[in-house]
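One structure is given below, encoded as structure tokens.
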Amino acid sequence: MLTDFGRILVFMVVSVIFVIGAILAAKLVRPSRPSKEKLMTYECGEDTIGSPWVKFNLRFYVVALIFLIFDVEIVLLIPWALVYKEFGLQGFLIGGIFLFLLGLGMAYEWRKGDLEWIRPKPVPPVLKKEPSTVKVEVQA
Amino acid sequence: MTYDFFSKLFGSDLIAALIQSLLPLFIFILPYALFAVWWERKVSAHMQDRLGPMRVGWHGALQTIADILKLFQKEDIVASSIDKPLFNIAPVLMFVGTYAAFAAIPFSSVFIGSNLDLGVFFIVAVSGFSVAAILMAGWASDNKYSLIGAMRSAAQIISYEIPTILVIITIVMVTGTLNLTTLSEMQTGHFWNWMILGGPGSSLSKFLLIPSMILGFGIIYISTLAEVNRTPFDIPEAESELVAGYHTEYSGMKFAMFFLAEYANMLAVSSVVAALFFGGYQSPCGYLGNLIGLKWLIPIEQIFWFTAKGLFFVFVQMWLRWTLPRLRVDQLMNTCWKYLIPLAFVNLIIIGLITLI
Amino acid sequence: MGLLDKQFAKESIVVTSLEDLLNWSRLSSLWQVGFGLACCAIEMMATSASHYDFDRFGVIPRNSPRQADIIIISGTVTLKMATRIKRIYEQMADPKYVISMGSCSNSGGPYWEHGYHVLKGVDRVIPVDVYVPGCPPRPEALLEGLLKLQEKIRNESLVKKTA
Amino acid sequence: MKNIQEIFDILKEKFGDSILELLTTLPVESFITIAPKKINEVCLFMRDNEELKFNSLMCLSGVDDANGKQVKDENGAVKIEGSTLSVYYHLESTEFRHKVTLKSSAPKENPEVESVALIWHHADWHEREAWDLVGIKFLNHPDLRRILMPYDWEAGHPLQKDYKNPEFYHGMKVPY
Amino acid sequence: MIQYFKNIYSAIATIFIGMKITFKHLFVPAVTIQYPDVKPKLPDRERNRLYVNFDDCIGCDQCARACPVECITVDTVKGLPTEDLGKTSQGKKKALWVTSFTIDFAKCCYCQLCVFPCPTECIYMTDIYEFSEYERSNLIYNFSILTPKEAEEKKANYARFEAEKAAEKAAKAAAATPPANASKEQ
Amino acid sequence: MALKTEHMTLNMGPQHPSTHGVLRLEVELEGEIIKSVQPHIGYLHRCFEKHAEAMTYPQVIPYVDRMDYLAAMYNEFGYAVAVEKLLGIQVPERVEYIRVIMGEFQRIASHLVAVGTYGLDIGAFTPFLFCFRDRERIINLFEMTCGARMLYNYIWVGGLSHDLHPDFVRNAKEFVSYFKPKVKELNDLLSYNRIFIDRTANVGILPLETAINYGISGPNLRGSGFEWDIRKDDTYSVYNKFDFDIPVGKGLQGTVGDCWDRYYIRIQEMGESLKIIEQALEQLPEGDVTSAIPKRIKPPVGQVYSRVENPKGELGYFIISNGSPNPFRVKVKGPSFVHLGIMNELCKGHMIADVIAILGSIDIVLGEVDR
């Protein structure tokens, strides 16, 4: 007898086979005519400038971190949610305190501005009145 | 249960499980995906005073088949600068994540891939596969649009998982179970037993629950929209900014897999929402099979209702898509962290208090 | 090496019916690179808009050339743009088709004589399947060009041509 | 509201020799001719002067006057020698609603005109265009590159009257 | 705080308004013209492919001169005085053989400037727009009804006529003036 | 955050869905924040000015059409006004009225495309198709009059190529009554949508003084709150006979001069144009439209700078004549060319998505930018 998760494994295996099978089957039909330009990275028909693999914004990690905290706390909440009714008000309060702390943490993060996606206030263009007198080299 | 039936028929669990897992793919998801793509084009067309596909088959009914067959013959471009293993794994992973979710969705009272006790959570967990897949696709492509799309998508999907889970917890608090079949069974009878109307029973708390449940439904529906990257939350593939987002570099069958997974995902989240709040496969008004005494009719009716509800929510997703503009990434995060999560919290506490009464 | 790269020496029922199926699917789902150049692009947009509705023919714009089958050169191709067009065309996945829409991309159009910066016909950089005349062509004319292209695809064959 | 004569008088008083002449014999529009090396000072004055306040530059155009004599070189190509390139400035004051046209000419061999790009910012692109198409060099321009033609265009400035188009560009045949 | 709930309200309200509109349009009949099956009637001033009613063409080259694109080329050769070139429908006598009258529709910009100067109204724009081609050379239309062979013939005819006339003239001149002078002229 | 992310240079265009043609933006990014935007233009440089020097005055008109191909009628209008000024001729009143009617229809059509594609940029597909559906009706009116759908060659120096079609007035009135409720629908669907407002309000704010110095004109200048319209302030043709308002940006949803204001100006201007059309149709005088067309156009030696209020802004023609039938030099000041110059200033510090919003709100047409 397969366990419940065993069946899910079968599901996954079937889907992997399906996808790989479909892609391989297409290989029987599809043409393959690579060329140098075709294998270049697409960027609207222009040459790419620099690699996209750059250090990315820290903001993403902050979100991931907050998410992690929440996720862990939520995992703790599930067993509580399943059974708290058996303990009546007391049971609810235990979870309630936990939730309150979670909420407090969230409020703190909110206040701290960690929930804000970085969005620096763009300054409307201000007119520079005087023309600069710095000589700029003229390209011929 | 069909599983036991197959198991007896072939005398092997493995074969039964195989059949069990192939069935939804071939009798449900593929036809559905074919239908949904055509339907989306038709719905969008009629919303825009157009006609949509008309030239192949009746009102273009064969359009998606032609599309798939064409994608089948398309060259598979693997650009030279990409990270090949990741690039190839991503579509597989994307589809696996989606498809595994179907394992835990009850299509009817007799057919469920795997009747997990943790059904809902399994689905939420497994949908995390798509985050990994999208990130892989975006990263591997060596394309700036893909990368930005993938980054946005990762942030978006994990953020919106929190309100989803919070709402699911409220359901768990009310019903005391995570098993989707049990959940659906609880909402049997008529539509007033559905969770959106406070669940079964007729106590005072049921009526008190109604507003909270509607709020919870709203939150989970919006978050699931975001999790499957539909407008107004389609910024990972935001066409007008990022060309095609994380699958910009994909062509041919690999792209088709992303496409298929997207539509399958839409159905998956719709059926979860239906199972949580709208009685899953349950009929809103009793069964014809019960009425005329044909017991075998009931599962078929259930499949019908399941499909109908799933498709209805998919339709609403399409409807929203063709109505709304898309949000910007910071607004998207704001919506999640400042609106949905606090509201879900408050909702959780209110429901906790109500259930104590 | 896929089927489409092969050329069969002889005709057979299997080959021809398979070929018919493949041709049918290709011709009824021509996804287009969402790409406009000049005046004709507006008529191209009008063609996908409600009154003419490209979607009826299965044409939907895909912004990434990787997923598109057909590129409609809709407008004047300048020298500065020509290399980009060539690259976008190159980056499309085979099988792919080109419609040259309007006088400018057919032969430089009104700019053929004094246009020091205009490429005189897009067929100098990429192979063109159908030329749609007009300046700009009516949406119907573009649709007719598409039908002509479909006709061309319908007659494509896996069988080696014997002269 | 000031007419062109009054504007000319103000300018003449202020700048003297830099303001060359006022041409009013033309049937439609009159213009003031200004020395090319002084144009930025004049323009700055015109923008900031309380009586003039030309806060808007409507248009800046480079023109090849083609007023020299035609010379045939050994290949039979026609060249125009000894002509001038001019820049026309059309100014307007949105406050006083008066308009004026300025002209500044420089010899074609050494077409140097002072830039006004920092006085009216959109002159930046207009001047780049004038450089690109007509070949007028703007001194002290922040970023004088080609703008419409490809950056690697080598055949000269196409709006000059004796411009010859190249046969090939990046392997593509240019003439029909 | 009030702003917070106002935001939620306005978002939901406007989304519902939008959804109402799109839903309504689901049932509005489509405006689509199903082109290959249904062809709309075009207005009578429609400007598409040019047509030259060659019977009326007198080869005056006005259209070619008016064309900003120079996509019209008209080659003519004078008819012999003995030949009858026919008349236009307005009764005007033709004097020129139009050996070729080509319009390159791959260049034409459909501006209608060639139509107005035509003295016999033989060039006009029609409502035919369906003429896309697989080959660009097929877009060059020759309206002349003379076959190339006939055209050659006419040219040769006229050249011969000219030569004859010149010869006649020369002979006349030779007869009239002393031969020494004639050789100087040549 | 003290840690800096590396800058990334991203090309948007020339083949990009929302650069409205073949514009290339070289965007320098830090994460998703714009450090600078460098527009590269010229991908559609079709050598208009060179062509104009090789053509006679009437032959230039088809090329004029092809500059701002979304407002071809208005380009012709501007060119005709300029050459007539140079020639010093008066055109019959009926011609002027028809020009105004056509021009205003063209303004609506152009704004419809601007508004529709703006919706598309923000992510709403349906309004785009609604706009094109309504534009199609205007195009039908044009087609009925002169036979072409987009590039008309209708307004000639001194007159018009055709008189109005007998059915035109009736159809035009029909359109006016058809279109009024559509504007409201568009507003409900897009303009007042909360998401749309969030995306556009307080984004890309353009202060008035900067706008004037950068030569911004038309709806973009009015969006910054300056009541300036060449139709009224430097009037030409018969615009002084009509009663209409100049909508200015008031900052209804955010700050004056933001993207929403610029967008909403266009919506309001469509209403004003309808007003003008209605009045012009009422007052339309009788007369001959071709009588004033000169047989040979050979202006005297001289020069003229003439400008009109194109749907996109101030369209100026600078024509130098040396007395021959061909213009010596035609320089066009296209509003889009000028407006694009401010992209860098406007975009700094915004996010990628805002670049699209800003670019859409200044409504450029590449044919006019590059000419």
Side-chain angles (χ1 to χ4, degrees), chain E residues 3-26 28-33 35 40-50 62-72 107-117 124-129, chain F residues 51-52 54-66 124-127 129-130 132-134 136-137 140-154 156 161-168 171 184-198 253 290 293 295:
Chain E
Q3 190 57 39
Y4 183 84
F5 287 106
K6 255 190 189 157
N7 280 348
I8 297 177
Y9 170 76
S10 74
I12 292 174
T14 52
I15 285 172
F16 272 109
I17 291 173
M19 287 175 79
K20 206 174 78 193
I21 291 172
T22 40
F23 193 72
K24 225 165 54 197
H25 274 274
L26 268 182
V28 172
V31 292
T32 311
I33 305 156
Y35 158 68
K41 199 189 163 299
L42 296 178
D44 43 4
R45 289 177 187 173
E46 188 57 33
R47 258 161 55 183
N48 280 303
R49 192 171 73 187
L50 282 164
Q62 293 266 24
C63 46
R65 257 177 283 153
C67 180
V69 183
E70 301 186 19
C71 66
I72 306 176
K107 287 177 195 159
C108 178
C109 73
Y110 305 86
C111 62
Q112 214 183 7
L113 280 176
C114 53
V115 173
F116 292 94
Y124 49 85
M125 302 209 105
T126 59
D127 58 359
I128 302 164
Y129 50 83
Chain F
H51 280 91
M55 303 285 155
T56 61
Y57 283 89
Q59 282 179 341
V60 174
I61 292 176
Y63 291 91
V64 165
D65 280 339
R66 282 160 182 78
F125 200 75
T126 307
L129 287 182
F130 284 1
F132 259 76
R133 179 197 63 201
D134 298 338
E136 201 71 24
R137 289 193 166 228
N140 285 344
L141 287 176
F142 288 149
E143 194 179 11
M144 183 177 161
T145 316
C146 68
R149 280 169 54 87
M150 262 184 69
L151 309 169
Y152 311 104
N153 187 18
Y154 178 63
W156 286 2
S161 73
H162 296 87
D163 200 352
L164 289 181
H165 192 276
D167 290 343
F168 181 88
N171 287 8
K184 193 187 168 297
E185 190 180 274
L186 190 65
N187 276 336
D188 283 342
L189 189 57
L190 191 63
S191 318
Y192 300 137
N193 184 298
R194 184 71 206 181
I195 298 175
F196 181 77
I197 291 173
D198 278 353
Q253 307 289 347
T290 50
I293 299 177
K295 270 271 169 295

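Order of the sequence lines fixes the chain letters, A, B, ..., with proteins taken first and strands second; residue numbering starts at 1 for each chain.
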Take the angle between the ring planes of F/W156 and E/F116 and call it parallel below 30°, perpendicular above 60°, tilted in between.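 Ring orientation of F/W156 relative to E/F116: perpendicular.
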
If only atom types and distance count, is the side chain of E/R47 paired as donor or acceptor with the main-chain N or O of E/Y110 below 3.5 Å?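 Yes.
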
Measuring heavy-atom distances to chain F, does [X] have an atom under 4.5 Å in its side chain, in its backbone, in both, or in neither?
| X | answer |
| --- | --- |
| E/I12 | neither |
| E/P68 | both |
| E/I21 | side chain |
| E/D44 | side chain |

What option among [options] has the most heavy-atom pairs under 4.5 Å with chain F?
| options | value |
| --- | --- |
| E/C67, E/A66, E/P43 | E/P43 |
| E/L113, E/I15, E/V31 | E/L113 |
| E/K20, E/Q112, E/E46 | E/E46 |

Chain E contact via [X] - side chain, backbone, both or neither, heavy atoms under 4.5 Å:
| X | answer |
| --- | --- |
| F/T145 | both |
| F/F196 | neither |
| F/H165 | both |
| F/R66 | side chain |
| F/L189 | both |
| F/Y152 | backbone |

Heavy-atom pairs under 4.5 Å with chain E: which of [options] has the most?
| options | value |
| --- | --- |
| F/H162, F/Q59, F/H51 | F/Q59 |
| F/P58, F/P127, F/A124, F/P62 | F/P62 |
| F/N153, F/V60, F/I195, F/I61 | F/N153 |

Side-chain contact test, heavy atoms from C-beta onward, threshold under 4.5 Å: evaluate it for F/D163 versus F/T290 and give yes or no.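 Side-chain contact under 4.5 Å: no.
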
Just wondering, do E/V69 and F/Y63 contact through their side chains at under 4.5 Å, heavy atoms?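 When only atoms from C-beta onward are counted, E/V69 and F/Y63 do touch, with a gap below 4.5 Å.
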
Tell me yes or no: between the side chains of F/E136 and F/N140, is some donor less than 3.5 Å from an acceptor?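 No, because no side-chain N or O of F/E136 sits under 3.5 Å from a partner of the opposite role on F/N140.
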
Is it the case that F/R137 and F/N171 place a side-chain donor and acceptor less than 3.5 Å from each other?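 No.
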
In this structure, are over 12 heavy atoms from other groups packed under 6.0 Å from E/Y124 atom OH?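 Buried by this count: over 12 neighbours within 6.0 Å.
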
Nearest 0.5 angstrom please: F/L186 CG to F/D134 CG, how far?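 F/L186 atom CG to F/D134 atom CG measures 8.0 Å (nearest 0.5 Å).
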
For the atom pair CD1 (E/I17) and OG (E/S10), what is the distance rounded to the nearest 0.5 Å?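 With rounding to 0.5 Å, CD1 (E/I17) is 10.0 Å from OG (E/S10).
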
Evaluate the criterion side chain to side chain contact (heavy atoms under 4.5 Å, CB included) for residue pair F/T126 and F/L190; output intermediate values, then yes/no. CA-CA 9 Å; F/T126 307; F/L190 191 63; over 6 Å; no

